Amino acid sequence: MKNVVDPTKKVDLQKFVVFGVAVLLFGFFAILRPAYASYSNIMTIVLSTCVNGLLAIGVTFVIITGGIDLSVGPLMTFTGIMSGTALTVWGLPIWLCILIGILSGIFIGMCSGLLVTKLKLPPFIATMAMMMVLKGLNLVISGVKPIYFTSVKGYQKIALGSAFGIPGFYNAILIFVAFAIVGHIILSKTLLGRYAYAIGSNTQAARLSGIRVDTWIIVVYATSGFFCSIAGLIMSSRLNSAQPQLGPGYELEAIAAAVIGGTSLAGGVGTIVGTLIGAFIMSELQNGLRTLAVSPEWQFVVIGMVLILSVAVDQLRRKNV
Amino acid sequence: MARELINMVHIEKEYPGVKALKDVSFQLLSGEVHALVGENGAGKSTLVKILVGEEKLDAGQIFVNGVETPITSIRESQKLGIIMIHQELNLMNHLTVAQNIFIGREHQYKRGLFLDDEELNRESKKIFDQLNLNIDPTVKVGDLTVAKQQMVEIAKALSYDPEVLIMDEPTASLTDSEIEDLFNVIRVLRKEGKGIIHISHRLDELQQISDRITVLRDGNYIDTRKTSEFTIDEIIKMMVGRSIYVEKPENNVLPGAPLSLEVKGLTCEKLVKDVSFNLQKGEILGFSGLVGAGRTETARAIFGADKLKSGQIFVHGKEVKITSPHAAIKQGIAYLSEDRKRYGLSLGMRVSINIALANMAHFINPIGFIKNHMINKNAKEKVESLNIKTPSINQLVRFLSGGNQQKVVLGKWLTRDSSILIFDEPTRGIDVGAKSEIYKLLNELAAQGKSIIMISSELPEILRLCNRVIVMCEGRVTGELKGDEITQEAVIRYATQR
């Protein structure tokens, strides 16, 4: 009953190409520096992918609808600061503090969604403004000082413990993988994902099909906020504190990961698997360049080039089809 | 017994500046195919858009099954079983065929929280079998041909199990056998007592399938009759109206005037199929046809805005390769887009700059500074010669009326000294007075030896200005009319010829 057709293969081919690049890069660094391929280094790379990976998942949802979310970096920090405030100022139990962090992420996401749909702000402007607001709020709420979670025993274990007792296999990785799977399932198997693609593919058609476009866009931004809050949890746990200055810059890395992974800024195209590979390529590069003792300044240059290359290749491929 | 499914009474609708529907009534019975005909802009699409809740009505009532029912959203009309197949394809290219068909109704096919694509595929397959179609439900819609996409639209509509099915020119991109399959489905629906509203420009097709015909003209209700009581000629006469004053232009093109543009076998990806024609010096050549006939696409191809697949273009007898608008402008070709606000003007800039913009190289001194006095001098000349009504040449173009904006665009191309001017719907959205001024200008330009192509959907203006008309339908030239042969009836006949 199911006859396989060529066009569906095209997408898989692209994902395969990105995956191939990830493998090639790995091989390249491993040959130059055998230590690069060691178990502990691989785990270091994966650990450093966690935060960017989660942010990139959130931003992928938004980009698929044809929007953009520039607020994910400061939003991640904001959720950590809200948790920390709940703990140190309000004295709430830690589980409630974490919940408040997550809810604040969802809330801010919803606000961005409302700005985009009800006030009709272009997503770029709405989320850039949100980024600035959050950057400021982070400093104001924290009083420009880190908020420490040291009063809670084992808070750092949330990210840096290892549930299975395997050395190097941190809980952060576990959380990351679990929520990546959740993200993948939401995007590919639920209404939210289906409508995200539908809206990004042809908003007018989606509206004419009776889809409540505005509502779903708000839900999508809220989803992005949710993933930011998980990233915020990992970040604050790793540092055992919420650092108010942290955050700006992360949003661009997240968008870069999504784009390298094949997400189209025009909307309608993208997958979580692709985004994860994109995020992994970025960590892999940063780590590899560091082991080769390339200075951080040059690392930026190389990553920028990779971004140009990956999108250019995609454009050329599309032209030739 | 046929019962009344839909009754729309005294419907009024006004868009800014246009009265789209004036006291229009329309009734649909169960078990009938009711055709809605009229020229472009007659109000057919607006009427059905109101019925499905896509547009709001200004006045009037809608009765569904005899009960007054205000319809304000697409979800409401869907619930009432009123489903529309749109004229433009409304599909999501990145989703699969089955996902497109069931978009918005996935909750009926869910397992718990998760979507069930397998089930969607099976249901789609059932509909395709009913339609006698061979489309794989798992393919992405963007990878299908336009005709197949159209069939997906139709399958999507049928999957709602509609009580009332509205088809807005569904057959424009279908082959004869596909149309026959579609008509068979319609006949089945009719037998089941469903009501079908069919909008089409193919009059022969309406005679095949429809039971009654309602004619609209310029937003007015004209008449409703049984199809068997109409001949095609009668329908055409009712569509265009009988009494239109036609001022025949004098044939001021000399018989031996040189050809300024010759096009041979022009073919593009999109809607341009083997188009050939020529244009004489000092001629105004009309391009007529329905929306989507490929006229604009032909113009864009000549102007280098779209890529050519094959064909030759000769300018003043010499073959030229036009690969970009830049190259076309160099050859003296200008294209005045129908959407002047989007493509023709920099709305936030002054009249004077807009007029100079296509020829800036002419207005800078050797070290690159802009010679403002030259720009102003040129603008003053053009404002005067084209009679552009503006308080000053420093006025922002945004604040001018539509007709004067159009003249600014014209001034821009005249500054460039273009010899071949392609006007695409030059009078769209401008008032009657400004229209006649534009007509006068076109005649003057032709008399000065410019060659003009005028694309227009308004027959009266084609009749008024052109001595020769090319009629297109679905990307092909279907007719060329000269002098007395140019009548509304003849143009419509060619424009609806497949």
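Naming convention: chains lettered A, B, ... in sequence-line order (proteins, then strands); numbering from 1 in each chain. Note that the structure is predicted; figures quoted are calculated from it, not measured. No hydrogens, no waters, no symmetry mates; every other heavy atom, side chains included, goes into these values.
For L113(B), the part lying under 4.5 angstrom from a heavy atom of chain A is the backbone only. For R212(A), the parts lying near chain B are the backbone and the side chain together; criterion is any non-hydrogen pair under 4.5 Å. With a 4.5 angstrom heavy-atom cutoff, I186(A) does not touch chain B via any of its atoms. Heavy atoms of L115(B) lying under 4.5 Å from chain A belong to its backbone as well as its side chain.
Among the candidates G200(A), S188(A), S201(A), the residue making the largest number of heavy-atom pairs closer than 4.5 Å to chain B is S201(A). Comparing Q99(B), R105(B), Q78(B) by heavy-atom pairs within less than 4.5 Å of chain A, the highest count is held by Q99(B). With chain A as the partner, the residue from E76(B), H94(B), K156(B) showing the most heavy-atom pairs under 4.5 Å is H94(B). Interface check for chain A: of the options L91(B), N100(B), D116(B), the most heavy-atom pairs under 4.5 Å are formed by L91(B). In terms of non-hydrogen atom pairs under 4.5 Å with chain B, the most contact-rich of I211(A), I199(A), T203(A) is I211(A).
Side-chain contact between N202(A) and N93(B) is absent, with no heavy-atom pair separated by less than 4.5 Å.
Atom-to-atom distance recorded for M84(B):CE and L208(A):CG is 8.0 Å, nearest 0.5 angstrom. In this structure, OH in Y197(A) is found 7.5 Å from NZ in K140(B), a value given to the nearest 0.5 Å.
For the residue pair I74(B) and G210(A), the shortest heavy atom distance occurs at CG2-N, 4.3 Å.
Between R194(A) and D117(B), at least one side-chain nitrogen of the basic residue sits less than 4.0 Å from a carboxylate oxygen of the acidic one, meeting the salt-bridge criterion.
In this structure, M110(A) places its CE atom where only 12 or fewer heavy-atom neighbours from other residues, nucleotides or ligands lie under 6.0 Å away. Heavy atoms of other residues, nucleotides or ligands lying less than 6.0 angstrom from CZ of F107(A) number 12 at most.
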